[in-house]
Amino acid sequence: EAQVTQNPRYLITVTGKKLTVTCSQNMNHEYMSWYRQDPGLGLRQIYYSMNVEVTDKGDVPEGYKVSRKEKRNFPLILESPSPNQTSLYFCASSLSRTGDAKGYTFGSGTRLTVV
Amino acid sequence: AQSVTQLGSHVSVSEGALVLLRCNYSSSVPPYLFWYVQYPNQGLQLLLKYTSAATLVKGINGFEAEFKKSETSFHLTKPSAHMSDAAEYFCAVSDQSGANSKLTFGKGITLSVRP
């Protein structure tokens, strides 16, 4: 089944403890992106990647890092999480930056709580 | 820069009534436009997509949207609401020109359906 897989689905952590949220897609998509969803703000882009070793900042990149060493994987790294990074995170992928016939394919989300 | 405006945060309709969710966009170049739906505790699912072909786009679950360039709108409609349509709906725009590699979302509208 074509999908984007995020792990973990739920995570509670403490301020300052480094964490990684994994994202993997099995559709050979070139374009991948991370979004965070907050009430009343919709989805805001954190980082995106056009292909392997090509990444760039989105609208809210502060406090996050990403890497794209393989086409299928696009992990999101929080080096020193803070409570304002408590949010629902989505990974998305597509054949191209403008979306293919199916638009963007989204993962099921990771609900992160930083205490 | 591109942007999406979804007026209001909540719409409530009776079962069987018309659903109308409004979306206005701003883009300096021809856009691609999307509607996504998010059911509780799930990721985003593509409802429909406009990519400069037909201006009236039909999607899944009986939804459709009409692209009106003169009004910079892409409103989502469904003739008869069903209880299962209760969800959050997001309008999104992306850039066809290549200058901007992201999908910009509106803040979302929560649709409630009354029995």
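These numbers come from the heavy atoms of this one structure, side chains and all, not from hydrogens, waters or symmetry mates. Proteins get letters first, then strands, A, B, ... in listed order; numbering begins at 1 in each. Everything numeric here is computed off the predicted structure, so don't read it as measured data.
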Decide whether B:Leu48 and B:Tyr25 are clustered together by the hydrophobic rule: side chain heavy atoms of Ile, Leu, Val, Met, Phe, Trp, Tyr closer than 4.5 Å, transitively.
yes

Distance col, row A:Arg44:CZ vs B:Phe105:CZ, nearest 0.5 angstrom, shows 13.0 Å

Among residues 55-85 of chain B, which ones touch chain A with a heavy-atom distance under 4.5 Å?
none

Can you say whether B:Gln6 sits under 4.5 Å from chain A via the side chain, the backbone, both, or neither, judging by heavy atoms?
neither

Closer than 3.5 angstrom, by distance alone: can the side chain of A:Tyr35 be matched with the main-chain N or O of B:Leu103 as a donor-acceptor pair?
yes

Considering only heavy atoms and a distance below 4.5 Å, find which of A:Arg9, A:Arg111, A:Gln37 pairs most often with chain B.
A:Gln37

Do any of residues 78-90 of chain A have a heavy atom less than 4.5 Å from a heavy atom of chain B, and if so, which, in residue order?
A:Leu88, A:Phe90

So, the part of B:Gln45 with a heavy atom under 4.5 Å from chain A: the answer is neither

Co-membership, hydrophobic cluster, residues A:Met27 and B:Phe34, 4.5 Å side-chain:
no

In terms of hydrophobic clustering (I, L, V, M, F, W, Y; side-chain heavy atoms under 4.5 Å; direct or indirect links), are B:Val4 and A:Val60 co-clustered?
no

Could you list which of residues 106-113 of chain B have a heavy atom closer than 4.5 Å to any heavy atom of chain A, in residue-number order?
B:Gly106, B:Lys107

Tell me whether A:Leu11 shares a hydrophobic cluster with A:Val4, the cluster being built from Ile, Leu, Val, Met, Phe, Trp, Tyr side chains joined at under 4.5 Å.
no

For residues A:Tyr104 and B:Leu46, determine if any side-chain heavy atom of one lies less than 4.5 Å from a side-chain heavy atom of the other.
no

Any side-chain heavy atom of A:Leu43 within less than 4.5 Å of one from B:Thr104?
no

Please name all residues satisfying salt bridge (charged side-chain N to carboxylate O under 4.0 Å, His left out) with A:Arg68, sequence neighbours left out, ordered by chain then number.
none

Stepwise, does the ring-ring contact (aromatic ring centres under 6.0 Å, His included) test hold for B:Tyr36 with A:Phe106?
CA-CA 10 Å; B:Tyr36 284 87; A:Phe106 283 82; 5.4 Å; yes

Quick one: do A:Met50 and A:Tyr47 end up in the same hydrophobic cluster if we chain Ile, Leu, Val, Met, Phe, Trp and Tyr together by side-chain heavy atoms under 4.5 Å apart?
no

